[in-house]
Participant: 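To start, I am sharing the structure in question, which I have written as structure tokens.
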Amino acid sequence: MKATYLVRFDDICPTMNWTVWSQLEAVLARYEVKPLLAVVPDNRDPKLQVEPARVDFWAWARQKQREGWSIGMHGYQHVYETCSGGLLGIHRRSEFAGLPVHRQKEKLQRALEIFHANGIHPEVFVAPSHSFDIGTLEALVELGIEIVSDGFFLFPQKRWGVLWIPQQMWRWYGMPAGVWTVAYHHNRMTAEQINQFAKDIHRFASRIASFSEVVRRYRACGQAGIISLSFAQAWRLALLAKLRLKRYA
């Protein structure tokens with residue numbers, strides 16, 4: 001089976017970079033790609049306040065969901081409270097990991113209420129900085145969200161009571177097999193990066209699936225086995241090594 005690709009955009013909120021986004025959205029429409037939008041429901045992070053707030057943001061998000069795009073809950077306010085790397089240990093900062101479960105559930109409940117008040121039912125949880133812990137997953141399941149977009153598996157897997165749709169890449173590579181999510185943070189994309197995005201989508205368009213398609217395909221998959229866990233650990237260690245090299249370059 002050939003590799004399947006998903007496209008994910010993080011930090012979606014009313015004050016994001018709409019100038020860049022309009023160019024990316026035109027590319028997505030041209031190739032009929034339906035990405036996962038990781039929406040911050042109550043953004044309080046000044047780094048995500050790039051342009052004036054779009055007053056029709058929630059109407060725009062509802063329309064995208066009607067068109068088959070997937071909406072994810074990208075945390076609550078995108079404000080970090082702890083220095084915990086959570087289960088994945090990629091970044092030492094978190095909005096959730098390390099907090100008591102009741103505090104985490106309170107944040108998640110507030111986030112969910114904002115989505116529901118605006119007519120949107122988020123399908124998946126996307127943790128800011130990839131940082132969440134078992135308590136986060138327990139709280140999500142209690143609130144009815146049983147899918148996360150994260151982890152470094154080769155294929156979607158069940159673990160700790162939720163379905164993990166892996167997210168392993170931030171640029172495109174031709175892979176022989178697997179399900180690969182390519183994540184973007186578009187707020188500070190350059191003209192060169194936008195052009196590269198268009199080239200990559202053109203190249204891989206025939207192998208890009210929607211998030212809902214992948215969920216339907218793998219919803220009944222089993223628990224992660226030793227081979228899947230070993231692959232995920234190896235990919236994680238390689239990513240950490242790359243981040244260290246980048247940090248000290």
Side-chain angles (χ1 to χ4, degrees), residues 6-18 20-21 24-25 28 34-51 53-54 57-58 60-62 64-65 69-82 84-88 90-91 93-97 99 103-133 135-137 139-141 143-151 162-170 181-189 210-212 215:
L6 297 166
V7 181
R8 189 182 96 185
F9 291 94
D10 291 0
D11 303 339
I12 302 298
C13 64
T15 55
M16 69 184 193
N17 190 330
W18 292 100
V20 167
W21 178 256
L24 302 179
E25 188 170 338
L28 296 169
K34 298 175 181 179
L36 167 62
L37 301 179
V39 174
V40 183
D42 182 29
N43 177 51
R44 301 297 176 90
D45 184 349
K47 292 181 180 178
L48 305 187
Q49 296 172 4
V50 182
E51 291 191 1
R54 180 166 174 165
F57 174 78
W58 290 107
W60 169 82
R62 286 194 299 274
K64 292 305 174 190
Q65 193 167 51
W69 295 31
S70 293
I71 304 295
M73 177 195 291
H74 193 36
Y76 171 39
Q77 296 178 324
H78 211 275
V79 175
Y80 302 114
E81 285 197 47
T82 77
S84 173
L87 292 171
L88 299 181
I90 301 301
H91 301 291
R93 57 182 184 266
S94 184
E95 188 176 10
F96 298 95
L99 294 176
R103 285 275 314 282
Q104 297 195 50
K105 185 176 179 181
E106 184 179 88
K107 286 186 173 189
L108 295 168
Q109 178 68 60
R110 290 175 179 172
L112 200 56
E113 288 171 355
I114 293 171
F115 280 108
H116 289 172
N118 287 284
I120 291 176
H121 295 273
E123 305 167 55
V124 56
F125 178 71
V126 181
S129 289
H130 304 269
S131 185
F132 55 98
D133 58 22
T136 319
L137 300 180
L140 286 167
V141 171
L143 294 171
I145 298 177
E146 299 181 352
I147 305 171
V148 297
S149 170
D150 223 322
V162 300
L163 175 63
W164 296 57
I165 306 297
Q167 192 278 297
Q168 319 94 322
M169 301 196 299
W170 291 262
T181 301
V182 185
Y184 285 94
H185 297 78
H186 75 282
N187 278 324
R188 289 168 178 80
M189 285 179 69
S210 70
F211 189 85
S212 57
V215 169

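Everything numeric in this text was worked out from a predicted model, so none of it was measured.
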Participant: Could you give the distance from NZ (Lys64) to OG (Ser70), rounded to the nearest 0.5 Å?
Facilitator: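 It comes to 13.0 Å.
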
Participant: From Leu48 CG over to Asn43 CG, what is the distance, rounded to the nearest 0.5 angstrom?
Facilitator: 4.5 Å

Participant: Tell me, do Phe9 and Leu28 make a side-chain contact under 4.5 Å, heavy atoms counted?
Facilitator: yes

Participant: Could you tell me which non-hydrogen atom of Gly75 sits nearest to which non-hydrogen atom of Pro41, and how far apart they are?
Facilitator: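 For Gly75 versus Pro41, the nearest heavy atoms are O-CD, 3.2 Å.
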
Participant: Find the distance between SG (Cys13) and CD (Glu51) and round it off to the nearest 0.5 Å.
Facilitator: 10.5 Å

Participant: Where do Ile120 and Val39 land on the side chain to side chain contact (heavy atoms under 4.5 Å, CB included) test, with the steps shown first?
Facilitator: CA-CA 11 Å; Ile120 291 176; Val39 174; over 6 Å; no

Participant: Got a second to check how far Ser131's OG is from Leu87's CG, nearest 0.5 Å?
Facilitator: 8.5 Å

Participant: When you check the side-chain N and O atoms of Thr181 and Arg8, is any donor under 3.5 Å from an acceptor?
Facilitator: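 No, because no side-chain N or O of Thr181 sits under 3.5 Å from a partner of the opposite role on Arg8.
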
Participant: Looking only at heavy atoms, what is the nearest atom pair of Gln168 and Trp170, with distance?
Facilitator: O-CZ3, 3.3 Å

Participant: Is the Trp60 ring parallel, tilted or perpendicular to the Trp18 ring (thresholds 30°, 60°)?
Facilitator: perpendicular

Participant: Give a yes or no on whether the ring-centroid distance for Phe115 and Trp58 is below 6.0 angstrom.
Facilitator: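 Yes, they do, as the ring centres are separated by less than 6.0 Å.
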
Participant: Less than 4.5 Å apart, side chain to side chain, heavy atoms only: is that true for Asn187 and Lys47?
Facilitator: no

Participant: Counting only heavy atoms not in Lys34 (residues, nucleotides, ligands), do more than 12 fall under 6.0 Å from its NZ?
Facilitator: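 Atom NZ in Lys34 is not packed in, count stays at 12 or less.
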
Participant: Measure the CD1-CD distance between Ile147 and Glu123 for me, rounded to the nearest 0.5 Å.
Facilitator: 7.0 Å

Participant: Any donor and acceptor pair, going by atom type alone, linking the side chain of Thr136 with main-chain N or O of Gln104 inside 3.5 Å?
Facilitator: no

Participant: Please report the shortest heavy-atom distance between Met73 and Phe125, naming the atom on each side.
Facilitator: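 Minimum heavy-atom contact is O-CD1, 3.5 Å.
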
Participant: Quick one: does Thr82's side chain have a donor or acceptor within less than 3.5 Å of a partner on Ala97's backbone?
Facilitator: yes

Participant: Do Val148 and Leu140 come close enough that some side-chain heavy atom pair is under 4.5 Å?
Facilitator: yes

Participant: Between His91 and His130, how do the two ring planes meet: parallel, tilted or perpendicular, split at 30° and 60°?
Facilitator: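 Tilted.
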
Participant: Do Asn17 and Arg188 have side chains that approach each other closer than 4.5 Å (heavy atoms only, starting at C-beta)?
Facilitator: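 When only atoms from C-beta onward are counted, Arg188 and Asn17 do not touch, as no gap falls below 4.5 Å.
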
Participant: Report yes or no: does Glu106 contribute a side-chain atom to a donor-acceptor pair with the main-chain N or O of Leu108 at less than 3.5 Å?
Facilitator: no

Participant: Just by modelled atom types, is the Thr15 backbone N or O under 3.5 Å from a matching donor or acceptor in the Gln49 side chain?
Facilitator: no

Participant: Is the shortest heavy-atom distance from the side chain of Leu112 to the side chain of Ile145 under 4.5 Å?
Facilitator: yes

Participant: A side-chain contact here means heavy atoms from C-beta on lying under 4.5 Å apart; do Glu146 and Val141 qualify?
Facilitator: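 Side-chain contact under 4.5 Å: yes.
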
Participant: Using every non-hydrogen atom in the two residues, find where Val126 and Leu36 come nearest and quote the distance to one decimal.
Facilitator: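 Scanning both residues, the minimum pair turns out to be CG2-CD2, 4.3 Å.
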
Participant: What distance separates Arg62 CZ from Trp69 CH2, expressed to the nearest 0.5 Å?
Facilitator: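 Going from the CZ atom of Arg62 to the CH2 atom of Trp69 covers 16.0 Å.
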
Participant: Are Leu137 and Phe132 close enough that some pair of their side-chain heavy atoms sits under 4.5 Å apart?
Facilitator: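 Yes - at least one pair of side-chain heavy atoms lies under 4.5 Å apart.
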
Participant: Can you see which heavy atom on Val79 is nearest to which on Lys107, and at what distance?
Facilitator: O-NZ, 4.4 Å

Participant: Indicate, with yes or no, if the rings of Tyr76 and His74 have centres closer together than 6.0 Å.
Facilitator: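 For Tyr76 and His74, the ring centres are not under 6.0 Å apart.
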
Participant: Any side-chain heavy atom of Arg44 sitting closer than 4.5 Å to one from His78?
Facilitator: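 Heavy-atom side-chain distance check fails, nothing below 4.5 Å.
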
Participant: Is the side chain of Asp10 donor-acceptor paired with the backbone N or O of Ala38 at a distance under 3.5 Å, no angle test?
Facilitator: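 Such a contact is absent between Asp10 side chain and Ala38 backbone.
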
Participant: Between His121 and His116, is the side chain to side chain contact (heavy atoms under 4.5 Å, CB included) condition met? List the steps.
Facilitator: CA-CA 6 Å; His121 295 273; His116 289 172; 3.3 Å; yes

Participant: Going by atom types only, do Gln77 and Asp42 share a side-chain donor-acceptor pair under 3.5 Å?
Facilitator: yes

Participant: If I compare all heavy atoms of Phe211 with all of Ser149, which pair ends up nearest, and what's the gap?
Facilitator: CE1-CB, 4.5 Å

